[in-house]
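Letters A, B, ... are given to chains in the order of the sequence lines, protein chains preceding strands, and every chain is numbered from 1.
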Amino acid sequence: MVALLEQALQRARDAGDLPITHLPEISVEPPRVKEFGDFASNVAMLLTREMRRPPREIADLIVKHLPEDALVSKVEVAGNGFINFTLHPDWLHEVVRDIQTKGDAYGRWDVGKGERVNVEFVSANPNGPITVAHGRGGAIGDVLANLLEAVGYQVTREFYVNDATNSLQMQHFARSLVVRYRQLLGEDIGLPEDGYAGEYLVDIARELLEREGAHLAEGDETEVLNRFRNYAEEAMKRQQQADLADFGVVFDVWFSENSLHTSGQVDAAIRELKERGHAYEHDGAVWLRSTVFGDDKDRVLVRNNGQPTYIAADAAYHRNKFERGFDYLIDIWGPDHHGYIARTRAAVAALGYPAENFEVLIYQIVRLFKGGDLVRMSKRAGNVVTLRDVLDEVGKDAARFFFLMRSHESPLDFDLELAKKESSENPVYYVQYAHARICSMLRVAGEQGWTVPAARETDLSVLREEAELVLMKKLDELPEEVLVAATERAPHRLTRYSMEVADAFHKFYDTCRVVGEEAPLTRARLVLVDATRLVLKNVLTLLGVSAPERM
RNA sequence: GCGCCCGUAGCUCAAUGGAUAGAGCAUCAGACUUCGGAUCUGAGGGUUGGGGGUUCGAGUCCCUCCGGGCGCGCCA
């Protein structure tokens, strides 16, 4: 289609009808309203400025020079200048053949050309369980990673563990665990003021007591704290990994912040920033000259007490990622971190890396409701709603689908009381049902001696019912949807698309029988139904949602 | 005060700068002798928060105002 238009523009220009200096970029898309045809192009509108003529006239000129093509059955110019193409139904039959040929690979691209992308997400602190908010980041990151793989990138999923030894949070965390441990031993003591009240610390303390005995809290205080902190971190990480795994999210790399400090990479990064002239000393501290790179103000890298800040570790961390050979870095952060984009980007640029290859995706908050009341969550107060709670309540498939139904930049309301009720009406079942229904149909067909025939040897021209055409057009959209979802960083588009495919299929099912028709029609429809199954399976796989054969 | 995000149907949301702004839920009315009724058909519902601008064309981009959320540390 694009090629046809290019030829037309070329010919029109050569004929002197289109006195333009260079050809515009041609885009062709399916129109929203099906009466306008199968594909539409807006090239004529793009030329109005240069041509100083109404779009309609320009469109007529272009169409006049349009070459013939066997698949194009009708070309019309709309009043507003759109060029509308109606195709011969055969092109849809080619789509169905293409799906069967490509199978699992249908919808995949090679635009990434194997370039390496690091997607860092969740990165919850090791002082508490994975929460629902992390769950949203987990779903977005995991599916974005799937999408990038599908369009040809080599993707690493990475979790950054904020296990820096000197972090105040981790000190409080360790102290709280010591208190819980001693409480189990019968001591009547309370949590420290900045302590963590969550029940999960009691569980860890109990586990610690059972495994390591009752003498762990004795001895030098610093050593005791270190011992407890290490154990708590390890236990927390194990739990986080297990929860995420049950959510379908598995990381390739768990990267320790502390390792950056102990290996000297933080110092090295600071040194390099100084050498490059982007760091300076002031008031006894070392500052990053981030304002040069667009930040509001300069940021402290090393405090006047000699301790490096979080941003210093982050500079080292992103340097480390680039040095590991990644071409692109994508960080997925919660909304409370948006203020850190500018300084992190500044650090990346100051270290000499291409800032345009470093991207931060901010997803908006998850607001929790219980029976319509907003729940304020606080890790220290211990009233977090965990990802595990949600998984127990609605299951992996519904949870992932729910998190991905909204754009990442839109806030998400999650009502726990409604979660279960909603789960029976959750759109995920609508999509999964379509898949299960197809599998059931194929089973029934199999019992009657039918198998899905090879599309190449099947006459698909009998597929001309309206519902069949709509379904085939929808199946045709998968590759484009995958590409757009990947490049726009919009995994939520897949949930919508999956619902549209299911919708088109259910409507087809309602009007067209498969088994029981004349044999040629049954064969053609078996091919179509099986192609639908493949598309549903592929899109659900990208979403990390199971495609059940029975429900 | 500054920054980021949001404001679209009763509710929750969607819409690579394109044509008549779409789904789900909810409400109301219908459809199976047959491949899975977790389905399908239909109806009502909208000044896309207000105002300006850019554009052939704006829910989308720019400015401004209003409303809401979040963040603005030598914490992580």
Checking all strands, does [X] fall into the base, sugar-phosphate, or nothing category for heavy-atom contacts under 4.0 angstrom?
X         : answer
Ser407(A) : sugar-phosphate
Gln448(A) : nothing
Ser410(A) : sugar-phosphate
Val444(A) : sugar-phosphate
Arg367(A) : nothing
Ala313(A) : nothing
Asp295(A) : nothing
Asp336(A) : sugar-phosphate
Cys512(A) : base
Ala436(A) : base

- Taking all atoms of both residues into account, what is the closest heavy-atom pair of Ser41(A) and Val28(A), and its distance? CB-CG2, 4.1 Å
- Query: Do you know the tightest heavy-atom contact between Ser546(A) and Leu540(A)?
  - Reply: O-CD1, 4.0 Å
- Could you tell me whether the phosphate oxygens of G69(B), OP1 or OP2, come under 4.0 Å of any side-chain nitrogen or oxygen in Tyr363(A)? no
- If only side-chain N and O atoms of Tyr430(A) are considered, is one of them under 4.0 Å from the OP1 or OP2 phosphate oxygen of A23(B)?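 Checking A23(B) against Tyr430(A), no side-chain N or O comes under 4.0 Å of OP1 or OP2.
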- Under 3.5 Å, is there a donor-acceptor pair linking the side chains of Asp298(A) and Tyr280(A)? yes
- Item | Distance-only polar pair, side chains of His134(A) and Thr131(A), donor-acceptor under 3.5 Å |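 The answer is yes; a qualifying pair exists.
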Distance check, [atom1] atoms only: [N] and [M], in whole angstrom units.
N      : M      : atom1 : answer
A26(B) : U20(B) : C1'   : 25 Å
A23(B) : G42(B) : P     : 10 Å
G59(B) : G17(B) : P     : 13 Å
U27(B) : G10(B) : C1'   : 9 Å
C63(B) : G71(B) : C1'   : 24 Å
U55(B) : C61(B) : C1'   : 10 Å
G53(B) : U60(B) : C1'   : 15 Å
A21(B) : G46(B) : P     : 12 Å

[X] [atom1] - [N] [atom2] separation (whole Å):
X         : N      : atom1 : atom2 : result
Leu412(A) : G69(B) : CG    : C1'   : 14 Å
Asp413(A) : C6(B)  : CG    : P     : 15 Å
Tyr429(A) : G24(B) : OH    : C1'   : 16 Å
Phe402(A) : C25(B) : CZ    : P     : 14 Å
Arg493(A) : A23(B) : CZ    : C1'   : 14 Å

- Has Phe82(A) got its ring stacked on the base of G18(B), with centres under 5.5 Å and planes less than 30° apart?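 No; by the centre-distance and plane-angle rule, Phe82(A) does not count as stacking on G18(B).
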- Query: For Tyr433(A) and G36(B), is the gap between ring centres under 5.5 Å while the planes differ by less than 30°?
  - Reply: no
- For RNA chain B, what are the stems built from at least three Watson-Crick or G-U pairs in a row, each pair having both distances below 3.5 Å? B:1-7 with B:66-72, B:10-13 with B:22-25, B:27-31 with B:39-43, B:49-53 with B:61-65
Considering only side-chain heavy atoms of [X], which listed nucleotide, [options], is closest?
X         : options                : value
Ile365(A) : G69(B), A19(B), C56(B) : G69(B)
Arg443(A) : C70(B), G36(B), C35(B) : G36(B)
Pro31(A)  : G3(B), A19(B), C35(B)  : A19(B)
Asp510(A) : C13(B), C35(B), C40(B) : C40(B)
His492(A) : A14(B), G36(B), A76(B) : A14(B)
His338(A) : G3(B), A76(B), G18(B)  : G3(B)
Arg550(A) : G36(B), G18(B), C13(B) : G36(B)
Lys507(A) : G37(B), A14(B), U41(B) : U41(B)
Asp503(A) : G36(B), G18(B), C40(B) : C40(B)
Arg513(A) : U34(B), G37(B), A76(B) : U34(B)

- Once you round to the nearest 0.5 Å, how far does CD of Glu466(A) lie from NZ of Lys507(A)? 11.5 Å
- Message: Do Met236(A) and Asn127(A) make a side-chain contact, defined as non-hydrogen atoms from C-beta onward lying under 4.5 Å apart?
- Response: no
- Task: Report yes if the side chains of Arg550(A) and Cys439(A) come closer than 4.5 Å at any heavy-atom pair, otherwise no.
- Result: no
- Query: Between Phe293(A) and His278(A), how do the two ring planes meet: parallel, tilted or perpendicular, split at 30° and 60°?
  - Reply: perpendicular
- When Arg489(A) is tested against each of Glu359(A), His408(A), Glu409(A) for side chain to side chain donor-acceptor pair (under 3.5 Å), which residue passes?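 So, applying the side chain to side chain donor-acceptor pair (under 3.5 Å) to Arg489(A) and each of Glu359(A), His408(A), Glu409(A), only Glu359(A) qualifies.
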Please report whether the ring centroid of [Y] lies less than 6.0 Å from that of [X].
X         : Y         : answer
His506(A) : Tyr433(A) : yes
His318(A) : Phe358(A) : yes
Phe36(A)  : Phe82(A)  : no

Detail all sub-3.5 Å separations between protein N/O atoms and N/O atoms belonging to nucleotides 73-75 of chain B.
residue : atom : partner   : partner atom : Å
C74(B)  : O3'  : Arg303(A) : NE           : 3.1
C74(B)  : O2   : Asn304(A) : N            : 3.0
C74(B)  : O2   : Asn304(A) : OD1          : 3.3
C74(B)  : N3   : Asn304(A) : ND2          : 3.4
C74(B)  : N4   : Asp283(A) : O            : 3.4
C75(B)  : OP2  : Arg303(A) : NE           : 2.8
C75(B)  : O3'  : Arg303(A) : NH2          : 3.1
C75(B)  : N4   : Tyr340(A) : OH           : 3.1

- Message: Tell me whether Lys237(A) is salt-bridged to Glu234(A), with the criterion being a basic N under 4.0 Å from an acidic carboxylate O.
- Response: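 Answer for the salt bridge query: no.
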